[in-house]
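Structure record follows, encoded as C-alpha cells.
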Number of protein chains: 2
Amino acid sequence: MSSDPKFTPVKGTNISQKVADQIESAILNGGIQPGNRLSSERDLQTQFEVGRGAIREALQALKQKGIIEIRKGVKGGAYVKKMEIGNASESLSLLLKQNKVPIDDLVEFRDAVDQTEVILASIRGDRQEKQRLVEMAMKLSELSTRSDDPDVDAIKAIDREMNMLLAQMTKNSVFEWIKNTIQMSIGSYDSLLYESANYRDKTIDNWIKTAKEIAAGEPLKALSRCSYHYVLLQSCIKDQELGKTESNDVKEK
Amino acid sequence: MSSDPKFTPVKGTNISQKVADQIESAILNGGIQPGNRLSSERDLQTQFEVGRGAIREALQALKQKGIIEIRKGVKGGAYVKKMEIGNASESLSLLLKQNKVPIDDLVEFRDAVDQTEVILASIRGDRQEKQRLVEMAMKLSELSTRSDDPDVDAIKAIDREMNMLLAQMTKNSVFEWIKNTIQMSIGSYDSLLYESANYRDKTIDNWIKTAKEIAAGEPLKALSRCSYHYVLLQSCIKDQELGKTESNDVKEK
DNA sequence: TTTTTTGAATGGTACGATCATTTAACCCGT
DNA sequence: ACGGGTTAAATGATCGTACCATTCAAAAAA
C-alpha cells in the first residue's frame with residue numbers, strides 16, 4: 001500500500017504518548033508525506049500491539065496538534081495534514097519542526113522584535129529592572145574573563161535571562177510570549193556566539209553597552225547596539241558554515 | 001468541596017468534542033479556577049451520561065491544549081493548569097481567550113511587526129506584487145466612494161488581503177505566520193476603522209499612499225504612513241470607548 | 001449507460017475488566 | 001505515643017468486545 005512505516009510495538013505505561021511520538025516522528029522526519037493516509041486504527045492496533053483506546057488517544061493528540069486529520073467511513077482514517085501557515089492553533093515551534101521555516105527568517109524576525117523591545121524597554125523599564133539588566137551584563141563579563149575556560153552554559157543561561165527581562169520591561173505580554181517562543185526554537189543558533197572566544201568577547205561587550213544605554217534611557221543608541229548584535233550573529237553563522245568542511249578545531253568542553 | 005459545575009449530558013456524534021467544549025468553556029469562563037480539580041473520569045462519565053472513552057478523549061484534548069494536567073492515583077484527576085506565558089505549545093489565540101493579553105498589547109505588537117513589514121516589502125517585493133498592492137488600494141477607494149452605503153464587509157476583506165500580501169512581500173514565512181495569527185485575533189478591533197465614514201476615508205486614503213510609497217521603494221516614507229495608520233486606530237478605539245481619558249496617551253508620531 | 005442498492009471498511013461510542021500508581025489510613029514494634 | 005512499614009481504596013491507564021454511524025465503491029437494477 002501507500003506506506004508501511006513498520007512501527008515498533010510499545011509496552012508499559014504512557015503508551016498513548018509513545019505511540020503518538022512514534023507517529024509524529026515518522027511524519028516530521030518525512031517518512032510519511034502530507035496527504036498520505038496512516039493505517040486504520042485497527043491496523044495500528046496490531047502494529048503497535050496495544051489496545052485500540054491507546055491508538056485513539058494518540059491520534060486524538062496528533063489531531064489536536066493539527067498535524068493529522070481524521071475521516072470517517074471507507075477510505076477513512078488518519079491523513080497527514082499539509083501544514084499551513086495560517087492555522088492559529090498550531091504553534092510556531094511546531095512550524096519549525098516541519099522545516100518549513102528557514103532559520104534565517106526566524107533570525108530576521110527576532111531581530112525586528114528585539115529592536116522594538118529595546119526601545120520599549122528603554123522607555124518603560126523601571127529603575128530596578130534597568131539596574132538588574134546592567135548587573136547581569138556585568139556578570140556575563142565576569143564569567144567570561146575569569147578563566148581561560150569559561151562556563152559557556154552559565155553564560156548562555158544569563159543571556160537567556162537577559163532576553164526575558166528585556167521582554168518583561170516592555171510591559172507587553174505579547175512580546176514576552178513571542179520572545180519565549182523564539183528563544184526555545186532559535187536557542188541553538190543564538191548561542192553560537194558564545195562558543196568561540198572571539199565572538200563571545202565582542203557579544204558580551206556589546207551586551208554591556210546595550211544594557212547601559214537602556215538604563216540611561218537612550219532608545220536610539222540602544223537600538224544601534226542591538227543591530228550590532230545581529231551583525232555579529234550573521235557573521236558568526238557565516239563563519240560556521242564556511243568552516244563546515246574542515247575539522248572542528250574549536251576547543252569546547 | 002471544590003465545585004459541582006453541573007455539566008449537561010450530551011448525545012449524538014462528536015461527543016468527545018462537545019464534552020471538551022463544555023469543560024473548556026467552564027474553565028475559561030472562570031467557573032473553575034486554576035488549581036481546582038475536576039471530578040474523576042468515572043464521575044464525569046455519569047455527569048455527561050457518556051462512555052468513559054469519550055471522557056478520556058476530551059481530557060486528552062484539553063491536556064494537549066495545555067489547559068489541564070492529569071494526575072494518577074488517589075486525589076488524582078484533571079487539575080486546571082495555570083496558564084503560563086512560556087508554554088510554547090500553547091497558541092497565541094488560546095492566550096487571548098484567557099484574557100491574559102490586553103488588546104492594546106496586541107495592537108502595539110502588530111504595529112511593530114507592520115513597521116518592519118512595510119520596510120521589507122518596499123525592498124523585497126517584486127514589481128508585480130507592488131502593482132497588485134496599489135490596485136487593491138485603489139479598489140478600496142472605489143468601493144468606499146461608489147455609494148453612500150459602502151459594502152463594509154468587502155472593504156474589510158480587501159484590507160485583510162492587503163495585509164497578507166504585505167506579509168508575503170517580506171519573503172519571510174515567519175512574518176506571514178504571525179500576521180495571520182494576529183489578524184485572526186485582532187480582526188474585530190482592526191475593522192473598527194471601516195465602520196465610521198470619517199475614519200474609513202482617512203484610513204483608505206492612507207492605505208493608498210502607503211501602497212504607493214512601497215511600490216516606489218521608499219521604505220521610510222511608507223513607514224511613516226504605517227505609523228499614521230495606528231494613530232488612526234488608537235484614536236478610533238479611544239472614540240469608541242467613551243470613558244477612559246488619561247490612561248491611554250500613546251499618541252506618538 | 002445511468003441510477004439505486006447493498007455491503008464492507010472504518011471511525012465513534014459504550015461497557016466492563018484488569019493493571020499500575022498514588023495517597024491515606026491502619027498496624028505494629030519500640 | 002511515636003515512627004516506620006503495610007494495606008486498602010481511589011483513580012488513571014490499558015485492553016477487549018460489541019455495536020452504531022458514516023462513507024464509498026462495487027454490485028445490481030433500471
Side-chain angles (χ1 to χ4, degrees), chain A residues 1-5 7-23 32 35-81, chain B residues 1-5 7-23 32 35-81:
Chain A
M1 294 299 289
S2 53
S3 59
D4 65 333
F7 293 120
T8 62
V10 291
K11 285 180 184 175
T13 183
N14 283 349
I15 287 195
S16 63
Q17 190 60 50
K18 293 176 186 170
V19 170
D21 286 346
Q22 265 198 57
I23 297 179
I32 310 177
N36 278 179
R37 172 181 173 279
L38 271 62
S39 308
S40 70
E41 292 180 355
R42 291 171 179 85
D43 279 349
L44 292 174
Q45 183 178 356
T46 62
Q47 284 191 44
F48 284 105
E49 296 177 8
V50 298
R52 195 170 157 215
I55 299 291
R56 284 186 61 78
E57 286 184 20
L59 294 180
Q60 177 75 33
L62 296 179
K63 172 187 166 194
Q64 197 61 39
K65 277 192 180 181
I67 70 182
I68 65 171
E69 165 195 14
I70 297 181
R71 300 181 201 155
K72 281 180 290 194
V74 183
K75 294 284 182 181
Y79 285 79
V80 178
K81 234 176 168 179
Chain B
M1 298 297 287
S2 52
S3 60
D4 72 329
F7 293 120
T8 63
V10 292
K11 285 179 184 176
T13 184
N14 282 349
I15 287 195
S16 63
Q17 189 61 51
K18 293 175 187 170
V19 171
D21 286 347
Q22 265 198 56
I23 297 179
I32 310 178
N36 277 179
R37 173 182 173 276
L38 273 61
S39 308
S40 71
E41 291 181 356
R42 291 170 178 87
D43 280 348
L44 291 175
Q45 183 178 357
T46 62
Q47 283 190 45
F48 283 104
E49 295 177 10
V50 299
R52 195 164 159 216
I55 298 292
R56 284 186 62 80
E57 285 183 20
L59 294 181
Q60 175 76 33
L62 296 179
K63 172 187 165 193
Q64 198 62 38
K65 278 192 180 180
I67 69 182
I68 65 171
E69 166 196 13
I70 296 182
R71 301 184 201 153
K72 280 180 290 196
V74 184
K75 293 285 182 182
Y79 285 78
V80 178
K81 231 176 167 180

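Labels below follow one simple rule: chain letters A, B, ... track the order of the sequence lines, proteins then strands, and each chain is numbered from 1.
When the P atom of D:dA13 is taken as reference, atom NZ of B:Lys63 falls 7 Å away, rounded to whole Å. One can place CZ of B:Arg71 at 13 Å from C1' of D:dT11, the figure rounded to the nearest angstrom. As a whole-Å value, the separation of B:Ile15 CD1 from C:dG11 P is 18 Å. Rounded to an integer number of Å, the gap from CD of A:Gln17 to P of D:dT14 is 10 Å. Between the CG atom of A:Leu44 and the C1' atom of C:dG12 there is a distance of 16 Å, rounded to whole Å. B:Ile55 places its CD1 atom 16 Å from the P atom of C:dG12, with the value rounded to the nearest Å. Remark: P of C:dA14 and CD of B:Glu57 are 10 Å apart, rounded to the nearest angstrom. Atom CZ in A:Phe48 sits roughly 15 Å away from atom P in D:dG16 (whole-Å rounding).
Residue whose closest nucleotide on DNA chain D sits further toward the 5' end, between B:Asp43 and A:Ser16: B:Asp43.
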(message) Each nucleotide in nucleotides 18-24 of chain D should get exactly one letter: B, S or -. Can you fill that in based on protein heavy atoms under 4.0 Å?
(response) BB--BBB
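Side-chain contact check for A:Gln22 versus A:Lys18: every heavy-atom pair is 4.5 Å or farther apart. Counting only heavy atoms from C-beta outward, the side chains of A:Ile67 and A:Ile23 never approach each other to under 4.5 Å. Proximity of B:Leu38 to B:Gln47: side-chain heavy atoms (C-beta onward) are nowhere separated by under 4.5 Å.
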(request) Please lay out, stage by stage, how B:Gln60 and B:Gln64 fare under the test side-chain contact (heavy atoms from CB on, under 4.5 Å). (result) CA-CA 6 Å; B:Gln60 175 76 33; B:Gln64 198 62 38; 4.0 Å; yes
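When heavy atoms are screened at a 4.0 angstrom cut-off, B:Gly77 is found touching the sugar-phosphate backbone but no base atom. Across all strands shown, A:Arg56 has heavy atoms under 4.0 Å from base atoms, whether or not it also approaches the sugar-phosphate.
The distance from the CD atom of B:Glu41 to the CG atom of B:Asp43 is 10.5 Å, given to the nearest 0.5 Å.
Closest non-hydrogen pair, B:Ala78 versus B:Leu59, comes out as CB-CD2, 4.2 Å.
Salt-bridge formation is not detected for the pair B:Glu69/B:Lys81: no Lys NZ or Arg NE/NH1/NH2 atom is positioned less than 4.0 Å from an Asp or Glu carboxylate oxygen.
Listed nucleotides: C:dT13, D:dG16, C:dC15. Nearest to the side chain of A:Gln45: D:dG16.
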